[in-house]
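Comments concern the structure below.
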Amino acid sequence: MSDLTTRPHPAPDAASEITERWWHRATGYQIYPRSFADSNGDGMGDIPGIIAKLPHLSDLGIGFVWLSPVYASPMVDNGYDISDYRNIAPEFGTLDDMDRLIAAARERGIGIVMDLVVNHSSSLHAWFCKARAARDCPEHDYYIWRDPGPEGGPPDDARAAFGGPAWTYVPEVGQYYFHYFSPAQPDLNWQNPALRAEIHDMMRWWLDRGIAGFRMDVISLIGKDVDARLYEEGPHLHPFLQEMHREVLAGRDVLTIGESWSVSTETGLLYCGRDRDELDMVFEFSHIREGWHPELGKFAPKPFDLVAFKRALFSWQDLTREDGWHALFLSNHDLPRQVSFYADDQQFRRAGAKMLATVLHLLKGTPFVYQGEEIGMTNARFDRIDQYRDLETLNHFEEQIALGVEPEVFITGANRNSRDHSRTPMQWSDAPNGGFTTGTPWIEVNPNFCDINVAQDLGDPDSIFTHYRRLIALRQQNDIVAFGHTRQLLAADAGVLAFERRLGGRRIVVFANFTPHPQRRDLPEDVTGRGEALVHSHARRDEVPGQLDLAPFESFACQI
């Protein structure tokens, strides 16, 4: 973004310089448009609703918004199935509304980062409509087709991530097309240079409209080799990303964030290393997967393991110590509410929400706030499968019931991990439907909206919102928070997470109790001392004593 500062900044060891980009000190905020704010009473959030809520984001201190898809779509997967990349879904508004949002956000110093969904399109995209009608049209090769197998069935037995076969037959052309997700989301054929050129042109079109960059949905899938059954991080991934950088991103001061469910510390710097010319950072999920059952997956409850969580979290802090950059998050539209998953959403909800924010926002990287996280919104705890709207949850329910899993057992797992818990409407007030809409919401509002909402939280001087605002300001103002090295403390501790940040001779120490019980720890001398309290969830702390007592879910940071 040209109106935000880019300047050299001393590296932590003061031996070299790195170029500070506008997003290094910024905090991102993800908006899931259909659940954020409804301006016209049709039960679905929209772009004018987002514009009306920009003061909320500005007050929080947000630097940019990651906007989940608002493109034209049949909404089989809530907008992640795009039928026209250069138009807006009518339920969200118009292209003029989108231009107004970009301009109004920029006036407040907030960039709009669009969701780039180019591993697949909608099956109703004009390209696919032509592709499925004839083999000899150019668009046919925009998708991945294979002839039937030897016995007339699918080319292989690959399964889709949302359940069912990964191949669907089209009689008009006598071939199967590949879809990593649902049949309504055919995968694009990135091997075709003409297809890549179309995508690059579309990206330039959006950047020229003034957006601040792209979050790239499941981008690690675009280099796949379906015949070798190599889908994630396939052999063509990085050449395609490097070409995208050359053709679209080079010379533009924009932000790019890739999403990958397979990236690891072994491959992370291939995306965002200093000399890679690909992406600025990557959403990686190693810390999220630690909460999944190793055999039964995300829909099977698994007790939270803090030591394993820390091992995943700090491995990426180590990876990006000297090179690359990290995208920091615990919540998004695909994940449960963080206070319900990692803390306590009942007796200690406020302390738990603050504790999680303290940990995330004081690590090195760019933190992301998912809508409602800043007031401690919780999982909804649905009782019946018909209350869910998520395609993934519904498909896996059918598959697991067919395998003999009891519905109640599945619902228990879904109430912990289903994507719909992050998609219930934003709770603005104690008005009907949480102030989200005057109509009937597309998915039920969490019944706790009377007690948990923006208006209520802002009325409390010790609110979760105020805690978030303080943390966001610290990153903007404090060089250690923005650029300091991270060192984990108490790595084997099953109840307390602790780390320090160092920049030159200065340091910050952070402590967080992840349990509903008081914790006492004897600390080594090198992490104790008097200093200045930066942020705290309970009593102010200007000293780290040799014997540290922490209340349930207490967190604090002290500069010493």
Side-chain angles (χ1 to χ4, degrees), residues 27-38 43-46 49-50 52-62 64-68 78 110 288 328-346 348-358 360-361 367-382 388-390 415-437 441-460 463-469 471-472:
T27 295
Y29 187 99
Q30 185 192 356
I31 289 179
Y32 194 67
R34 65 172 47 223
S35 297
F36 190 63
D38 174 20
M44 186 174 295
D46 48 42
I50 297 171
K53 298 300 185 181
L54 286 175
H56 172 79
L57 305 183
S58 182
D59 190 26
L60 190 57
I62 294 302
F64 64 93
V65 166
W66 156 25
L67 185 66
S68 285
N78 290 349
I110 299 172
I288 302 299
L328 305 168
F329 72 101
L330 294 175
S331 302
N332 68 23
H333 67 292
D334 284 332
L335 302 174
R337 289 287 178 180
Q338 64 187 44
V339 71
S340 297
F341 192 91
Y342 297 103
D344 181 331
D345 62 9
Q346 300 296 312
F348 298 108
R349 182 186 66 86
R350 294 167 67 83
K354 290 181 181 181
M355 180 274 291
L356 294 171
T358 299
L360 191 80
H361 285 257
F368 287 76
V369 178
Y370 180 73
Q371 63 185 48
E373 175 189 321
E374 73 275 23
I375 60 167
M377 282 180 60
T378 71
N379 279 2
R381 289 186 175 85
F382 292 139
Y388 285 93
R389 298 290 180 269
D390 175 37
N415 272 339
R416 181 164 172 79
N417 262 336
S418 173
R419 303 191 302 180
D420 272 343
H421 293 296
S422 61
R423 300 176 181 187
T424 59
M426 182 71 177
Q427 295 162 205
W428 294 104
S429 70
D430 61 3
N433 298 316
F436 163 72
T437 181
W442 71 277
I443 189 173
E444 293 178 29
V445 178
N446 194 317
N448 64 18
F449 71 85
C450 290
D451 300 314
I452 303 173
N453 58 72
V454 172
Q456 183 275 338
D457 201 64
L458 292 181
D460 182 349
S463 68
I464 300 170
F465 182 92
T466 299
H467 192 77
Y468 267 82
R469 183 164 53 188
L471 288 164
I472 291 168

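As the structure is a computational prediction, the values presented were derived from the model and not from experiment.
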If every non-hydrogen atom of [X] is compared with every non-hydrogen atom of [Y], which pair is closest and at what distance?
X: N332; Y: Q30; answer: CB-OE1, 3.2 Å
X: H421; Y: P336; answer: CB-CA, 4.5 Å
X: I62; Y: I110; answer: O-CG1, 3.4 Å
X: S340; Y: N379; answer: OG-N, 2.9 Å
X: A343; Y: G352; answer: CB-CA, 3.9 Å
X: A353; Y: I464; answer: CB-CD1, 3.8 Å

With a 4.5 Å limit on heavy-atom distance, are the side chains of [X] and [Y] in contact?
X: P425; Y: I443; result: yes
X: W428; Y: K53; result: yes
X: Y370; Y: R337; result: yes
X: N446; Y: Q427; result: yes
X: M426; Y: V454; result: yes
X: R423; Y: N78; result: yes

Task: Ring geometry between W442 and Y32 (parallel below 30°, tilted from 30 to 60°, perpendicular above 60°) - done: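 Ring orientation of Y32 relative to W442: tilted.
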TODO: Over 60° means perpendicular and under 30° means parallel, so classify the ring planes of F465 and H56, tilted if in between.
DONE: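 H56 and F465: tilted rings.
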With distance as the sole test, does [X] use its side chain to make a donor-acceptor pair with the main-chain N or O of [Y] at under 3.5 Å?
X: D38; Y: G43; answer: yes
X: D59; Y: P55; answer: no
X: E374; Y: G372; answer: yes
X: S58; Y: L54; answer: no

TODO: First locate atom OG1 of T27, then atom CG of L60, and finally report the distance between them rounded to the nearest 0.5 Å.
DONE: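 Here the interatomic distance stands at 8.0 Å.
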TODO: Using a strict 4.0 Å threshold on nitrogen-to-oxygen distance, state whether D451 and R349 make a salt bridge.
DONE: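 Salt bridge between D451 and R349, a charged N being under 4.0 Å from a carboxylate O: no.
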Task: Carboxylate-amine/guanidinium contact D460 R350, below 4.0 Å - done: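 Looking at R350 together with D460, the answer is yes, because their closest N to O distance falls below 4.0 Å.
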- [ ] State yes or no: are the ring centers of Y29 and Y468 separated by less than 6.0 Å?
- [x]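 No, too far apart.
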Open item on the list: In this structure, is the centre-to-centre distance between the rings of F329 and W66 below 6.0 Å?
Closed with: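 Ring centroids of W66 and F329 are no less than 6.0 Å from each other.
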Task: Candidates T424, D344, N448 - the one meeting side chain to side chain donor-acceptor pair (under 3.5 Å) with T378 - done: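 Single pass found, and it is N448.
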